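Quick caveat, the model's predicted, so the values are computed rather than measured. Heavy-atom basis, side chains included; hydrogens, waters and symmetry copies ignored. Nothing fancy with the numbering, it's 1 onward along the sequence.
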Amino acid sequence: MEALMTNTDVAAVLGIRPKTLTNWRHLRKGPTPATMNRPIRYRRQDVERWIADQASATAASEGWS
């Protein structure tokens with residue numbers, strides 16, 4: 001079974017503060033958490049997919065697609 005990432009782990013990967021990730025979660029932004037109860041955890045592949053989607057969306061909006 002894959003180890004899940006904590007809020008702190010994901011924030012470090014994204015280069016943001018953990019509080020920012022918590023705020024995003026409440027706004028339904030950012031990577032989708034694997035658990036909706038406490039403690040919140042994330043699947044690594046979901047975080048990586050979200051990062052790739054952000055890069056694709058940015059490239060498309062800047063005419064790089």
Side-chain angles (χ1 to χ4, degrees):
M1 174 178 262
E2 176 186 9
L4 298 174
M5 300 173 72
T6 66
N7 196 65
T8 303
D9 296 335
V10 175
V13 168
L14 298 177
I16 60 175
R17 293 178 26 231
K19 180 68 174 165
T20 300
L21 186 57
T22 299
N23 290 340
W24 284 2
R25 192 170 56 252
H26 292 291
L27 296 171
R28 297 180 188 255
K29 293 174 56 176
T32 303
T35 59
M36 297 307 290
N37 297 321
R38 297 220 193 286
I40 300 294
R41 297 288 186 259
Y42 295 84
R43 290 183 198 94
R44 180 169 294 281
Q45 71 257 22
D46 292 340
V47 174
E48 291 170 352
R49 184 179 311 113
W50 183 82
I51 292 169
D53 290 348
Q54 300 314 297
S56 296
T58 299
S61 71
E62 294 178 356
W64 290 89
S65 57

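Considering only heavy atoms from C-beta on, Leu21 comes within 4.5 Å of Pro31 through its side chain.
The heavy-atom pair separating Thr32 from Tyr42 by the smallest distance is O-CD2, 3.7 Å.
Note: Met5 CE to Gln45 CD = 10.5 Å, rounded to the nearest 0.5 Å.
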Would you be so kind as to tabulate the donor-acceptor pairs closer than 3.5 Å made by side chains of residues 10-20, with sequence neighbours excluded?
none

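Remark: Arg41 pairs with Leu4, Thr6, Thr35, Pro39 by the side-chain contact (heavy atoms from CB on, under 4.5 Å) rule, at least two apart or across chains.
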